[in-house]
Trainee: 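For reference, the structure I am asking about is given below.
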Amino acid sequence: MLGMIKNSLFGSVERWPWQVLSKGDKEEVSYEERACEGGKFATVEVTDKPVDEALREAMPKVAKYAGGTNDKGIGMGMTVPISFAVFPNEDGSLQKKLKVWFRIPNQFQSDPPAPSDKSVKIEEREGITVYSMQFGGYAKEADYVAQATRLRAALEGTATYQGDIYFCTGYDPPMKPYGRRNEIWLLKT
């Protein structure tokens, strides 16, 4: 945990590698199409809880793993963004299920430490192409739902994406009060 806090406050944070393929602007919504690199991710899945409550349970587990709660006792530092998959109902509300994805830093990609917490899993994930829209503030479930609706409206008729899942992302540690960066990622089909 100390490694994660030290890195968040004083060190550089590694960015999840991606390439911007195109940019768009429609109905006061600016977005990017990105090809995001795959790799190994630490994941935590939580079900049967609303999104905000599930995040409060899952995020500390991922942060502790990155901070040294692993078989090697190594504080790896953080990568950004930390993303979590949500699963919308037909009415746009979110199911009581989410999966947090933390991309393991490049230095540890070939041999990531094993998590000490059994609810943290290491998974290999293929690269993805997403439509991404940025917004600020301390985001909650209602903010993600509203922003996803805005992005879907901006993409209507011009892009295809998966409707049964999307990613909510955050770039900032909880102690950063201003200039926060969040994004919605719709998976291109």
Side-chain angles (χ1 to χ4, degrees), residues 1-20 32 34-86 97-128 130 132 134-141 143-144 165-185 187:
M1 187 69 150
L2 182 60
M4 186 269 311
I5 292 169
K6 183 179 119 193
N7 198 43
S8 294
L9 294 174
F10 307 112
S12 63
V13 175
E14 186 176 309
R15 188 178 65 104
W16 181 352
W18 70 64
Q19 178 181 9
V20 176
E32 294 179 340
R34 297 179 187 159
C36 302
E37 198 173 284
K40 291 188 175 86
F41 290 77
T43 66
V44 175
E45 193 166 341
V46 178
T47 58
D48 299 323
K49 293 184 180 178
V51 168
D52 293 337
E53 186 180 336
L55 272 176
R56 283 191 299 274
E57 179 180 320
M59 290 302 293
K61 293 178 180 188
V62 170
K64 286 177 184 176
Y65 168 71
T69 305
N70 53 61
D71 70 336
K72 297 178 183 169
I74 295 173
M76 296 181 284
M78 297 299 288
T79 58
V80 293
I82 290 182
S83 63
F84 58 97
V86 295
K97 170 175 134 177
L98 72 77
K99 187 171 191 175
V100 172
W101 297 85
F102 163 71
R103 188 172 192 283
I104 294 170
N106 287 331
Q107 176 184 351
F108 301 97
Q109 276 288 315
S110 63
D111 186 25
S116 300
D117 181 337
K118 299 296 180 212
S119 66
V120 179
K121 308 289 183 213
I122 303 300
E123 297 181 18
E124 183 83 28
R125 181 165 142 184
E126 295 294 320
I128 55 175
V130 300
S132 173
Q134 184 176 328
F135 64 101
Y138 277 101
K140 300 280 187 217
E141 179 176 352
D143 302 309
Y144 292 118
I165 185 175
Y166 61 88
F167 287 91
C168 306
T169 69
Y171 287 76
D172 304 301
M175 63 289 261
K176 182 178 180 186
Y178 303 106
R180 298 184 64 78
R181 179 178 175 182
N182 309 293
E183 294 176 344
I184 291 293
W185 290 3
L187 291 165

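In this chain, residues are counted from 1 in sequence order.
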Trainee: Decide yes or no for Ile82 and Thr169: does some side-chain heavy atom of the first lie under 4.5 Å from some side-chain heavy atom of the second?
Mentor: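 No, side chains not in contact.
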Trainee: Check step by step if ring pair (Phe, Tyr, Trp, His ring centres under 6.0 Å) holds for Tyr144 and Phe167.
Mentor: CA-CA 9 Å; Tyr144 292 118; Phe167 287 91; over 10 Å; no
Trainee: Hey, could you give me the CD/CD distance between Glu141 and Glu53, rounded to the nearest 0.5 Å?
Mentor: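 Those atoms lie 11.0 Å apart.
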Trainee: How many angstroms lie between CD1 in Ile104 and NZ in Lys40, if you round to the nearest 0.5 Å?
Mentor: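 Reported to 0.5 Å precision, the distance equals 8.0 Å.
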Trainee: Can you check whether Tyr171 reaches Trp16 side chain to side chain, under 4.5 Å on heavy atoms?
Mentor: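 Answer no - side chains too far apart.
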Trainee: Side chains of Glu183 and Ser132: any donor to acceptor distance under 3.5 Å?
Mentor: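 Result is yes, a qualifying pair exists.
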Trainee: Rounded to the nearest 0.5 Å, what separation is found between the CZ atom of Arg181 and the NZ atom of Lys176?
Mentor: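 If I round to the nearest 0.5 Å, the distance is 9.5 Å.
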Trainee: What I'd like to find out is whether the side chain of Pro115 reaches to under 4.5 Å of the side chain of Thr69, using heavy atoms alone.
Mentor: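 No. Closest side-chain heavy atoms not under 4.5 Å.
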Trainee: With no hydrogens and no angle check, just 3.5 Å: does a side-chain donor-acceptor pair link Asn106 and Glu14?
Mentor: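 Side-chain D/A pair, Asn106 to Glu14: present.
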Trainee: Is the cationic atom of Arg180 (NZ for Lys, CZ for Arg) positioned less than 6.0 Å from the six-membered ring centroid of Tyr138 and within 45 degrees of its normal?
Mentor: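 Pair Arg180/Tyr138 counts as cation-pi.
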Trainee: To the closest 0.5 Å, what do you measure between CG (Asn182) and CZ (Phe135)?
Mentor: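 With rounding to 0.5 Å, CG (Asn182) is 4.5 Å from CZ (Phe135).
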Trainee: Which distance, rounded to the nearest 0.5 Å, do you find between the NZ of Lys140 and the CG of Leu55?
Mentor: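 Going from the NZ atom of Lys140 to the CG atom of Leu55 covers 9.0 Å.
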Trainee: I want to check something: taking the side chain as every heavy atom from C-beta on, are Trp185 and Cys168 in contact at a cut-off of under 4.5 Å?
Mentor: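 Of all side-chain heavy-atom pairs linking Cys168 with Trp185, none is under 4.5 Å.
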Trainee: Any side-chain heavy atom of Val120 sitting closer than 4.5 Å to one from Val62?
Mentor: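 Of all side-chain heavy-atom pairs linking Val62 with Val120, none is under 4.5 Å.
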Trainee: Supply the atom-to-atom distance Met59 CE to Leu98 CG, rounded to the nearest 0.5 angstrom.
Mentor: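 Spacing of CE (Met59) from CG (Leu98) equals 10.0 Å.
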